[in-house]
There are 2 protein chains.
Amino acid sequence: MKEHRNISIADQIFDQLEREILSGKYQRGEVLSELRLSKEMDVSRTPIREALLRLEQENILKETGRGMEVIGISSEDMLDMYDIRLHLEGEAARRAAGNITEEQLQELLELTELQRYYINKQGNRSSEHTKNLDTQFHELIYTASGSKTYIDVLTRIHKQMTKYRMASVSKQSRALQSNDEHMAIYQALAAHDPDAAEQAVLTHIRNALNRMEHMEPIDS
Amino acid sequence: MKEHRNISIADQIFDQLEREILSGKYQRGEVLSELRLSKEMDVSRTPIREALLRLEQENILKETGRGMEVIGISSEDMLDMYDIRLHLEGEAARRAAGNITEEQLQELLELTELQRYYINKQGNRSSEHTKNLDTQFHELIYTASGSKTYIDVLTRIHKQMTKYRMASVSKQSRALQSNDEHMAIYQALAAHDPDAAEQAVLTHIRNALNRMEHMEPIDS
DNA sequence: AGCACTATAATTGTATACATTCATACAGAG
DNA sequence: CTCTGTATGAATGTATACAATTATAGTGCT
């Protein structure tokens with residue numbers, strides 16, 4: 001089953017810009033101009049414009065009248081997003097427990113183990129890898145829920161949260177705790193136990209919220 | 001306080017297309033071509049393309065490889081959306097009960113009474129008016145919740161549901177029951193009672209779900 | 001020195017031209 | 001009659017040209 005659409009330049013630019021914004025290359029408040037980006041990337045304004053438009057719809061950029069500004073997410077917004085995840089992600093996990101395939105379970109386990117490896121390694125971009133793996137872990141569970149609507153809503157929210165979390169440092173001990181929780185989620189899903197999966201996910205989100213509230217944002 | 005952005009042609013086309021799709025002018029499965037639309041509306045492809053792109057991001061259109069197809073929402077998707085609303089809209093109502101202004105309450109009451117008028121009138125476009133007022137009613141409550149995140153998530157979902165609901169006929173008796181429930185929600189909000197507001201909203205959604213499951217889709 | 005006005009530069013919004021892909025229909029051969 | 005190949009048309013994707021708005025800096029006047 002092949003995709004019916006080739007990867008366009010606009011798609012690639014969208015992915016690239018999203019990565020660069022979420023990873024902090026473009027700081028909060030910075031204004032991106034179409035012309036500047038098109039010169040930097042050596043393409044015309046058209047695909048750049050398309051990519052910026054999509055990023056605006058994802059609440060990652062905001063139109064200001066003279067360019068697209070990298071959105072700042074307030075800590076209040078962040079709390080709301082955790083709140084919504086607490087209301088939705090347990091149900092998504094319940095569904096995933098019933099639907100997840102052996103192949104998906106295998107991938108979930110690999111993501112978890114790889115994340116642990118990077119946390120222990122403590123290398124240069126280790127923190128970035130750790131967070132990317134966290135995103136892949138949760139989005140895989142959303143996918144396994146089998147519900148297009150749940151996938152859409154939760155993926156959008158998780159992306160926005162990533163942008164905020166990227167701008168913070170986290171201690172190794174907390175990262176290890178989070179990784180343990182991922183393993184617990186994996187085991188509940190591997191046992192196809194909806195109740196256990198729901199509880200493991202809710203515990204993980206509550207703890208993540210707690211960890212965030214005790215984190216110091218970096219200056220940069 | 002004026003907006004910093006003028007209403008562009010692309011914005012207008014986006015609004016117009018969304019209305020036309022949600023109201024059923026373009027049927028599910030129909031493919032919209034940029035060139036055709038640009039001729040019909042006598043503008044260039046550029047703003048058309050931008051509008052279609054935004055509609056795609058709202059899950060109202062889908063890229064097919066040879067045009068944008070009007071998305072069909074399955075009854076399964078519809079159930080998921082009700083499910084998510086049951087998980088989120090109670091909390092939004094709780095918050096609204098605390099934040100809603102007198103002016104918003106006044107508007108809520110007017111929307112409710114106007115809706116009752118149209119239901120009783122049973123005119124030509126009465127059903128369309130009724131549903132538009134329903135949308136305005138719920139979106140006003142989302143706004144009153146004061147949370148950008150709740151507003152975004154719930155508004156998106158409610159829009160998609162509207163598209164489905166527009167394609168169904170509903171009996172006058174059920175419309176009146178729904179309107180009664182709106183009035184109950186209004187009264188709970190007017191009393192600034194979070195518990196009552198949550199319960200009234202949850203009851204309304206459960207009943208709406210029930211009403212939908214007993215509805216006959218029109219053929220057209 | 002300060003203020004106002006003008007000119008310029010930068011930016012988005014829109015139109016249009018060009019490239020490319022893909023489906024479809026038609027014609028010709030077997 | 002069927003299959004295949006080609007040509008044509010329609011659609012998107014991209015580049016570029018043009019219009020209009022706005023911020024900013026500079027200059028001249030008081």
Side-chain angles (χ1 to χ4, degrees), chain A residues 1-21 25-72 152, chain B residues 1-21 25-72 163:
Chain A
M1 178 150 49
K2 70 167 182 179
E3 285 300 325
H4 60 267
R5 174 159 72 161
N6 292 335
I7 299 170
S8 65
I9 294 181
D11 289 332
Q12 295 173 36
I13 290 178
F14 171 76
D15 288 337
Q16 180 181 344
L17 280 177
E18 183 180 56
R19 267 200 315 275
E20 290 180 342
I21 292 173
K25 170 169 176 181
Y26 297 109
Q27 300 289 331
R28 158 184 173 153
E30 186 163 350
V31 172
L32 305 183
S33 124
E34 293 174 5
L35 193 61
R36 203 189 95 220
L37 289 174
S38 80
K39 280 176 184 165
E40 274 181 31
M41 300 187 176
D42 198 43
V43 295
S44 80
R45 273 179 56 214
T46 309
I48 298 277
R49 187 179 173 79
E50 181 172 329
L52 291 181
L53 206 81
R54 286 165 64 182
L55 288 167
E56 185 190 16
Q57 297 252 313
E58 296 217 356
N59 287 320
I60 288 173
L61 296 179
K62 181 180 66 179
E63 176 63 51
T64 65
R66 66 171 182 287
M68 289 286 199
E69 181 181 343
V70 178
I71 270 195
D152 284 350
Chain B
M1 174 153 55
K2 70 167 185 180
E3 286 297 326
H4 62 268
R5 175 159 68 162
N6 293 334
I7 299 171
S8 65
I9 295 182
D11 289 332
Q12 296 173 36
I13 291 179
F14 171 75
D15 287 338
Q16 178 181 343
L17 280 178
E18 183 179 56
R19 267 199 316 275
E20 291 180 341
I21 292 173
K25 171 170 173 180
Y26 297 108
Q27 299 290 329
R28 158 185 176 153
E30 187 162 350
V31 172
L32 305 184
S33 125
E34 293 173 6
L35 192 62
R36 202 190 94 218
L37 289 174
S38 79
K39 282 176 184 165
E40 272 180 31
M41 300 186 176
D42 199 44
V43 294
S44 78
R45 272 179 56 213
T46 309
I48 298 278
R49 187 178 173 80
E50 182 172 328
L52 292 181
L53 207 80
R54 288 165 64 184
L55 288 167
E56 183 189 17
Q57 297 250 312
E58 295 217 356
N59 287 320
I60 289 173
L61 294 179
K62 182 180 67 178
E63 175 63 52
T64 64
R66 65 172 181 285
M68 289 285 198
E69 181 181 340
V70 178
I71 272 195
K163 174 173 179 330

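Below, all heavy atoms of this structure are taken into account, side chains as well, without hydrogens, waters or symmetry copies. Throughout, a chain's letter reflects where its sequence line sits, starting with A, and its residues are numbered from 1. Since we're looking at a predicted model, the values are computed, not measured.
Between the P atom of dT14(C) and the CD atom of Glu50(A) lies a distance of 16 Å, rounded to the nearest Å. In this structure, Asp11(A) atom CG and dT14(D) atom C1' are separated by 13 Å, rounded to whole Å. Here the P atom of nucleotide dG13(D) and the CG atom of Leu53(A) are 14 Å apart, to the nearest Å. Rounded to whole angstrom, the span from the CD atom of Glu63(A) across to the P atom of dT21(D) amounts to 16 Å. Taking atom CD1 on Ile13(B) and atom C1' on dG13(C), their separation rounds to 12 Å, with Å as the unit. Rounded to whole Å, atom P of dT20(C) lies 19 Å from atom CD1 of Ile7(A). If you take CZ of Arg49(B) and C1' of dA11(D), they are 11 Å apart, rounded to a whole angstrom. Here the C1' atom of nucleotide dG13(D) and the CE atom of Met68(B) are 12 Å apart, to the nearest Å.
Between the side chain of Asp15(B) and the main chain of Gln12(B), no donor-acceptor pair closer than 3.5 Å is present.
Listed by residue number, Val43(B), Ser44(B), Arg45(B), Thr46(B) are the residues of residues 30-46 of chain B with a heavy-atom contact under 4.0 Å to DNA chain C.
The two atoms that bring Thr64(B) and Glu69(B) nearest to each other are CG2-OE1, 3.1 Å, heavy atoms only. Across every non-hydrogen atom of Ile60(B) and Glu18(B), the tightest pair is CD1-OE2, 3.9 Å. In terms of heavy atoms, Glu58(A) sits closest to Gln57(B) at CG-OE1, 4.3 Å. Among all heavy-atom pairs drawn from Ser38(B) and Leu35(B), the shortest one is OG-O, 2.9 Å.
The residues Arg36(A) and Glu40(A) are annotated as salt-bridged, a charged nitrogen and a carboxylate oxygen being separated by less than 4.0 angstrom.
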